[in-house]
Amino acid sequence: VDCEKAYIGLGVSLLDVNAVDEAKQTFEKAIALYPRSADAYAGLGTLYLVIDQPESAMRACDMALGLNPCRPKALNGYGIALDMIGNHEAAQVNYRAALEKDPGNISYESNLALSMALAGNTTEAIFLLERLSHSPKANARVRQNLSLAYGLAGDMKMARAIGTVDLSTEWVQNNIK
């Protein structure tokens, strides 16, 4: 039995059900037991993103990347944290690096496109997100990023139309004006 992977898997599962405190304890325990575990640090970084602590997420992702510079999940997490603090250009560098390690990862591509939209490059972002939204791997996050990109481009009609695929009509009407 690989106990390191078990701890990390448990931390991810706890985070999936929003048991944030328990997930944090689990990732911290994994790090204490396996201080060279890039995956444990990457998991902790993800947790910090979920609880809106981008600076802590960057520190955890830095640790993961220091242990394994080829870890695309940590590069993606670092990119998300950079986007959260408004550093979209640097975020895009991280997403592209993650995609070099894991080409075609729809989540990393979607994050890159959203970052482009946040930086004002909505035309390219929409083009990329439209392509991604037609993939069999497309999920609600891709479509919501596309809806947001249309909103940022000022096309509220398209933003609402795409938003209602995954969100209630009432929520869309109240939040996309």
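Along the sequence shown, the residues carry numbers beginning at 1.
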Closest approach of [X] and [Y], non-hydrogen atoms and distance?
X: K177; Y: M156; result: O-CG, 3.1 Å
X: A113; Y: L128; result: CB-CD2, 3.6 Å
X: A159; Y: S147; result: O-OG, 2.6 Å
X: A90; Y: N94; result: O-ND2, 3.0 Å
X: L47; Y: A23; result: CD1-CB, 3.7 Å
X: Q92; Y: A119; result: NE2-CB, 3.8 Å

Using atom types as modelled and distance alone, determine if a side-chain donor or acceptor of [X] lies under 3.5 Å from a backbone N or O of [Y].
X: N175; Y: W171; answer: yes
X: D102; Y: A98; answer: no
X: N139; Y: V142; answer: yes
X: S135; Y: R131; answer: no
X: T26; Y: E22; answer: yes
X: S133; Y: E130; answer: yes
X: N68; Y: A64; answer: no

Less than 4.5 Å apart, side chain to side chain, heavy atoms only: is that true for [X] and [Y]?
X: S37; Y: I8; result: yes
X: L129; Y: I126; result: no
X: Y95; Y: D83; result: yes
X: L167; Y: Q144; result: yes

(message) Using the rule given for side-chain hydrogen bond (donor to acceptor under 3.5 Å, both in side chains), can you reason through Y108 versus E100, listing the C-alpha separation, both sets of side-chain angles and the distance that settles it, and then say yes or no?
(response) CA-CA 10 Å; Y108 304 163; E100 284 178 19; over 6 Å; no
(request) Treat each ILVMFWY residue as a node, draw an edge where side-chain heavy atoms are under 4.5 Å apart, and state whether V50 and L14 are in one component. (result) no
(message) Could you check whether R141 pairs with D166 (Lys NZ or Arg NE/NH1/NH2 to Asp/Glu carboxylate O, under 4.0 Å)?
(response) no
